[in-house]
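Structure first, then comments.
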2 protein chains.
Amino acid sequence: MVKFVGLIYPLFIMSKCEQCIVREFSSLKALSKNELVHLSDCKTSHTIKKGEVIFEEGENVNGIYCIKDGVCKLTKLSPNGKDHIVKLVTKGELLGQRSMISEEPVNLSAVALEDMEVCFIPKSEVMGFFDKNNQFSMNVMKTICGDLKEADDHMVNLAQKTVKERLAETLLYLYDTFGKNEDNTLKIQLSRDELASMIGTATESCIRLLSDFKKLGLIELTGKKILLKDISKLKKLAE
Amino acid sequence: MVKFVGLIYPLFIMSKCEQCIVREFSSLKALSKNELVHLSDCKTSHTIKKGEVIFEEGENVNGIYCIKDGVCKLTKLSPNGKDHIVKLVTKGELLGQRSMISEEPVNLSAVALEDMEVCFIPKSEVMGFFDKNNQFSMNVMKTICGDLKEADDHMVNLAQKTVKERLAETLLYLYDTFGKNEDNTLKIQLSRDELASMIGTATESCIRLLSDFKKLGLIELTGKKILLKDISKLKKLAE
DNA sequence: TTAAAAATATGACATTTGTCATATAAATGG
DNA sequence: CCATTTATATGACAAATGTCATATTTTTAA
């Protein structure tokens, strides 16, 4: 029996990419068995605690991160000193692709919203895939194109919708994307401050509108927990 | 002599890609002589008058446009019925790449702000380049990554800056990107309405702020023409 | 456990921005 | 050229949002 333990244990520690289910959700799904074996040797695994920074705006990140578990926020500091949350990124997605391709420092900071498991893949490795695996390149391109479309949509919302509409929309987005707990509250937990910096408003305005929504019976607030009570009305509000 | 005319004239009409200087400014610069010759046969040339639509949000555009001359706006309709100008695109740039790669309808409309010359390259042709010319793929990827970064920046501006700051910033952007006429006025001519829909505000607010800027001696207004009088003060205003 | 710090909540008020009305100027088409 | 439409401009006011003060609750760390 002892020899089995010796065999199985390292597999666990090194978390081989071939056996990692999460890769199926990202561009990495295009990699061949051989490429995955090679990847396992190059990558490094990291545990990130809630609140910790993965990388910071302006840094040179020489590779990409694959998120095995957890969620992080991508933020950008505006000239007035406030952070804006540009995007939330979760399990199965890759981080740092844009910066790597552009050969520039990252333009956003990544901060864990929960405890996370991530793997770092060095640039040299990824560039090799680009050269030899057309499907992988295409997947990355499609992902970035999807991000660009999302960004366009987001931009128009910020430019044309009211704060109230954006709050309703964001609550629905959080619900659709990250789901709910057994008690039906939003699974992802954001502070009022973070929620405000997602919708682009002052923290107080965000809190005030949440209170309004509560009074209107659209949501329920219990501490940090938010429960969406009337989704169809929220949808109407979000236009 | 007559035979020379017969030889030269068609060259002009067909505007061979090998001789088109504009391609040096886009991803197409990676194409080989052979690829360019082939491209010349596939592409179609079009003249677009000011105000005309190149494509509309939701359409299937089966290829990309290469802008040989002129400027157009990329707009997106928001739920409230107003258009938002997401981006201006000018001579040397390509249109429709994102949609082609994502294999989706275009998410933005393209409308000429001036008379334009564009060439349409069918999707099949571009996909061939993707397969066979790695440098071309890389160029396209870098362009889209640049667009994504720009979009992020734009988003944060919309979320965090005041209308006044955004107006100042936009005037400077127009100056830097499109230059000035001999009389020092902005070369690109936008209506107040278009300017407003770039900065994400009501037309009246935009007009009012322009008047304020004029009173403060920052700009001069002569009909549609805008002259930037005090660039450093505008920069301070834009933060 | 408890004191201190941080987050949430709310009121009061100022400021920004949007909307509607209307005037004036410019562009357009016969 | 003139009449009509469209764009620009401005006032008056309403609505949305931000800021500051302060209270209350929750979290954190000693």
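We name chains A, B, ... by the order of the sequence lines, and we start the count at 1 in each one. Since we're looking at a predicted model, the values are computed, not measured.
- Residue A/Glu204 contributes atom CD, which lies 14 Å from atom P of D/dT22 at whole-angstrom precision.
- Electrostatic pairing of B/Lys229 and B/Glu220 counts as a salt bridge here, judged by a charged N lying under 4.0 Å from a carboxylate O.
- Following rounding to the nearest Å, A/Asp193 (CG) and D/dG18 (C1') show an atom-to-atom distance of 15 Å.
- Atom C1' of nucleotide D/dT25 and atom CG of A/Leu221 are separated by 14 Å, given to the nearest angstrom.
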Quiz prompt | Residue pair B/Val22, B/Ile67: steps toward the side chain to side chain contact (heavy atoms under 4.5 Å, CB included) verdict | solution = CA-CA 8 Å; B/Val22 147; B/Ile67 305 184; over 6 Å; no
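- No side-chain heavy atom of A/Leu227 sits less than 4.5 Å from a side-chain heavy atom of A/Thr222.
- Distances shorter than 4.0 Å separate some side-chain N or O of A/Thr201 from OP1 or OP2 on D/dG18.
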Self-check item: Worked verdict on B/Lys142 versus A/Glu104 for salt bridge (charged side-chain N to carboxylate O under 4.0 Å, His left out)
Solution: CA-CA 11 Å; B/Lys142 283 193 182 181; A/Glu104 288 171 356; over 6 Å; no
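- Contacts of residues 161-168 of chain A with DNA chain D (heavy atom under 4.0 Å): A/Thr162, A/Val163.
- Near-neighbour residues of DNA chain C inside residues 206-217 of chain A, defined by a heavy atom below 4.0 Å, number-ordered: A/Ile207, A/Arg208, A/Ser211.
- The pair A/Arg98-A/Asp147 does not count as a salt bridge, with every side-chain nitrogen at least 4.0 angstrom from each carboxylate oxygen.
- Close to D/dT19, at under 4.0 Å from its OP1 or OP2, lies a side-chain N or O of A/Lys82.
- Residue contacts for A/Ser191: at a heavy-atom cut-off of 4.0 Å it reaches the sugar-phosphate backbone alone, with no base atom in range.
- Within the structure, salt bridge (Lys or Arg N to Asp or Glu O under 4.0 Å) contacts touching residues 153-175 of chain A (residues at least two apart or in different chains) are A/Asp153-B/Lys76, A/Lys161-A/Glu169.
- The two residues B/Met141 and A/Ile101 come nearest to each other via the heavy atoms SD-CD1, 3.6 Å.
- Defined by atom type and a distance below 3.5 Å, a donor-acceptor pair is present between the side-chain atoms of B/Thr47 and B/Glu117.
- For A/Gln160 and D/dA16, the CD to C1' distance is 16 Å, given to the nearest whole Å.
- A/Lys224 places its NZ atom 15 Å from the C1' atom of D/dT24, with the value rounded to the nearest Å.
- Within the helix from C/dT1-D/dA30 to C/dG30-D/dC1, the inter-axis angle between the opening and closing five-pair segments is 50°, rounded to 10°.
- With a heavy-atom cut-off of 4.0 Å to chain B, the contacted part of DNA chain C has its first and last nucleotide at C/dT17 to C/dC20.
- What separates CG of B/Leu195 from P of D/dA9 is a distance of 11 Å, to the nearest Å.
- A/His46 places no side-chain N or O within 3.5 Å of a backbone atom of A/Cys119 that could act as its donor or acceptor partner.
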Practice problem: Evaluate side chain to side chain contact (heavy atoms under 4.5 Å, CB included) for B/Glu93 paired with B/Ser26, printing each intermediate quantity in order. | Solution: CA-CA 6 Å; B/Glu93 297 187 85; B/Ser26 75; over 6 Å; no
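- Here salt bridge (Lys or Arg N to Asp or Glu O under 4.0 Å) pairs that include residues 183-194 of chain A, with residues two or more places apart or in two chains, are A/Lys73-A/Glu194, A/Asp183-A/Lys225.
- As rounded to whole Å, 16 Å separates atom P of D/dA7 from atom CD1 of B/Ile226.
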